[in-house]
Amino acid sequence: MSFNVSSIKTGMGSARIAFCALVLVISTGLGFELHGKAFAQQTQAQLPSPQDLSRTFINVAKQIKPAVVNIDVVEKTKRAAVRLPDGFPQIPGFNDTPRRQRGTGSGVVISPDGYILTNNHVAGDAEQINVKLADGREFKAKVVGKDSETDLAVIKIDATNLPFARLGNSDKLEQGEWVIALGSPFGLQQTMTAGIVSATGRDLGVPGGQFTNFIQTDASINPGNSGGPLVNMEGEVVGINTLIFSETGTSAGVGFAIPSTLATKIYAQLIKSGKVTRGYLGVSLQAISPAFARTVGYTGTDGALVGDLAREDSPAARAGLRSGDVIIEFDGKRVTSPKQLTELVADTPVGKASEVKYVRDGHVETATIKLGERPGKIGEDEQPANVDPEENAGKFGVSVSNLTVQLARELKLKVSTGVVIQNIQPDTPAAEAGLQRGDVIHRVNRTPIANRQDFFKAMSLVRADKDITLQVERNGQLQFVTVTLD
């Protein structure tokens, strides 16, 4: 065996570097191992023992349970429709006779003088409310105020020096944080269940949820828990339990609570005036699709699209806003979505003059709007009248007819020009976009439509692989619909 001396010499530098690197790797690895052991030991030292964790739950329960109440309600409802058997005389007004219906729920005492926070669906329509405290005492209660928009209510009992709970800051809640639910599931008073915060900021799209970003938890919530508190490990109320998602009607580990930050604001208004007032722009809002943004020359999908104005004299209408405007800023705050804008407006005092920035035809404009008071409920318009179908279908799956004065009057239209959808072919872009028979098309992209000729001319200019945005009026309300062409 022979060696090449020159190669050994020239390789000495590489060998020295390799050796140093090996030493570094070994020492670094040893450091990581030592650090890992130290971290593990430190973490193990910080973790509470099972006994300590149990003691924490016990202490929180002892702190909060005296403020948790059971609520029994009696309310009047109409009888379910019943038809007596043939041969028996039908009794006029039989089905309209009120009957008494009992229910149960939970609540939490918020002040020593007897104010109790609960759900509107527990106590809001009650004829009689009975409250049972943790110490066994029972009281009659009266409704101080209720808010169906958030499903919260405040009731009052005639008592003093009561143990009460503190409302915490739900904005600080984090996913994975331990929480406790207390209440009377199935009438079992003073029941406690534990779990974690599964998620925060849930927009469920449920009635009354437009102002609520729910806390989701896997702590068991069942019928009777409604109105009871969701509590953090510091003994603070961070939510009011209100609903569950379940196929069986019992806990499936997916429960929801109204955040305490919202409950605090609602509670204060109900105590003060017995009702909740909210700011009101008087517009219907839609999210902005990329297709719509392109058609109006708007870059981005943040903001809120004005689909329609509630009335000709609404605050937004008086300030000059109109259908198709994209609101991007309200009262100095950037608008990210229709829901966020609705919340911003609702939290703004009625009568305040607020500056609104919006995009129209690609240009940013500004208006000052004096907010009105949001109506409690907005009524539904009548369904559109039936229209006769046409034989010919448009290229994206609809047939249309000219809008007559009579038809415009029957449909109670806000805009008197356009074309009426007479028929929709199944499995076409129009059908997939949700267009309906009786819808009135006022615009195709930016082009106003006065008649069938305008409609087909506008459609002929649209490429087959493009999205189009239609301004449609349905049930007396304007909205924008994006149709994706194949």
Side-chain angles (χ1 to χ4, degrees), residues 48 53 55-69 71 105-111 115-122 134 147 149-154 162-185 190-204 206 208-209 211-222 224-245 251 253-271 276 343 347:
L53 186 60
R55 179 51 56 186
T56 301
F57 282 109
I58 292 169
N59 290 338
V60 172
K62 286 182 176 179
Q63 179 179 341
I64 195 70
K65 281 177 63 178
V68 180
V69 303
I71 300 175
S106 305
V108 57
V109 180
I110 300 299
S111 70
Y115 286 96
I116 298 169
L117 190 58
T118 185
N119 282 146
N120 178 62
H121 78 259
V122 170
D147 179 45
E149 301 271 18
T150 56
D151 193 24
L152 289 170
V154 174
L162 294 176
F164 63 96
R166 292 176 293 123
L167 289 171
N169 184 358
S170 57
D171 290 343
K172 294 182 178 179
L173 276 180
E174 296 186 77
Q175 191 176 39
E177 187 172 337
W178 280 105
V179 285
I180 295 170
L182 293 107
S184 304
Q190 297 292 308
T191 294
M192 166 181 162
T193 56
I196 62 169
V197 173
S198 304
T200 58
R202 285 291 194 207
D203 179 6
L204 303 180
V206 298
F211 302 111
T212 307
N213 295 310
F214 292 95
I215 302 165
Q216 182 181 333
T217 180
D218 65 351
S220 292
I221 297 174
N222 284 293
N225 271 117
S226 291
L230 188 72
V231 182
N232 64 15
M233 301 308 286
E234 296 178 4
E236 299 172 328
V237 176
V238 291
I240 301 297
N241 302 317
T242 188
L243 59 90
I244 61 174
F245 279 178
S251 175
V254 185
F256 300 92
I258 301 163
S260 59
T261 49
L262 175 62
T264 300
K265 292 187 292 187
I266 300 302
Y267 173 81
Q269 287 204 50
L270 294 180
I271 290 293
V276 176
E343 293 170 351
D347 285 341

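Model, not experiment: these values are computed from the prediction.
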Problem set entry | Closest contact, heavy atoms only, Ser251 versus Asn222 | N-OD1, 2.7 Å
For this session: Might you point out which heavy atoms bring Val60 and Gly235 nearest each other, and give the distance in Å?
Result: CG1-CA, 4.1 Å
Problem set entry | Test side-chain contact (heavy atoms from CB on, under 4.5 Å) applied to Lys172 and Val238, step by step | CA-CA 9 Å; Lys172 294 182 178 179; Val238 291; over 6 Å; no
Problem set entry | Spatial distance of atom OG (Ser111) from atom CD1 (Ile116) [nearest 0.5 Å] | 8.5 Å
Problem set entry | Side chain proximity check, Thr212 to Leu204, heavy atoms < 4.5 angstrom | no
For this session: Could you grab the distance from atom CZ of Phe256 to atom CG of Leu243, nearest 0.5 Å is fine?
Result: 6.5 Å
Exercise. Taking Asn241 for the side chain and Gly228 for the main chain, is one N or O donor matched with an acceptor at less than 3.5 Å?
Worked result: yes
Problem set entry | Residue pair Val108 / Ala165: nearest heavy atoms and the distance that separates them | CG2-CB, 3.7 Å
For this session: Any pair with a residue in residues 174-184 that passes side chain to side chain donor-acceptor pair (under 3.5 Å), sequence neighbours left out, goes on the list, sorted by first then second residue, please.
Result: Asn70-Ser184
Problem set entry | Nearest-0.5 Å distance, CG of residue Leu173 to CD1 of residue Ile196 | 12.0 Å
Seminar exercise, completed: Between Pro229 and Gly107 the two heavy atoms that sit nearest each other are CD-O, 4.4 Å
Exercise. Atom CD1 of Ile110 and atom CD1 of Ile271: how far apart are they, to the nearest 0.5 Å?
Worked result: 9.5 Å
Problem set entry | Any Leu117 side-chain heavy atom under 4.5 Å of Val154 side chain | yes
Problem set entry | Ser170 side chain vs Thr261 backbone, donor-acceptor pair below 3.5 Å | yes
Exercise. Okay, side chain of Thr118, backbone of Ser106: is any donor-acceptor separation there less than 3.5 Å?
Worked result: yes
Seminar exercise, completed: By side-chain hydrogen bond (donor to acceptor under 3.5 Å, both in side chains), Asp147 pairs with (sequence neighbours left out) Thr150, Arg278
For this session: Give every residue pair that meets the side chain to side chain donor-acceptor pair (under 3.5 Å) criterion with at least one member in residues 56-65, sequence neighbours excluded.
Result: none
Exercise. How long is the span from the CG atom in Asn169 to the CG atom in Asn232, to the nearest 0.5 Å?
Worked result: 10.0 Å
Problem set entry | Closest non-hydrogen atom pair between Asn119 and Gly227, with its separation | OD1-N, 2.8 Å
Problem set entry | From CD1 (Ile244) to CD1 (Ile221), nearest 0.5 Å | 8.0 Å
Exercise. What pair of heavy atoms forms the shortest contact from Ala181 to Ala219, and how long is it?
Worked result: CB-CB, 4.2 Å
Exercise. Short question: side chain of Ser260, backbone of Gly168 - any donor-acceptor pair under 3.5 Å?
Worked result: yes
For this session: Would you indicate whether the side-chain heavy atoms of Val109 and Tyr115 approach each other to under 4.5 Å?
Result: no
Exercise. Under 3.5 Å, side chain of Asn213 to main-chain N/O of Asp203, donor-acceptor pair present?
Worked result: no
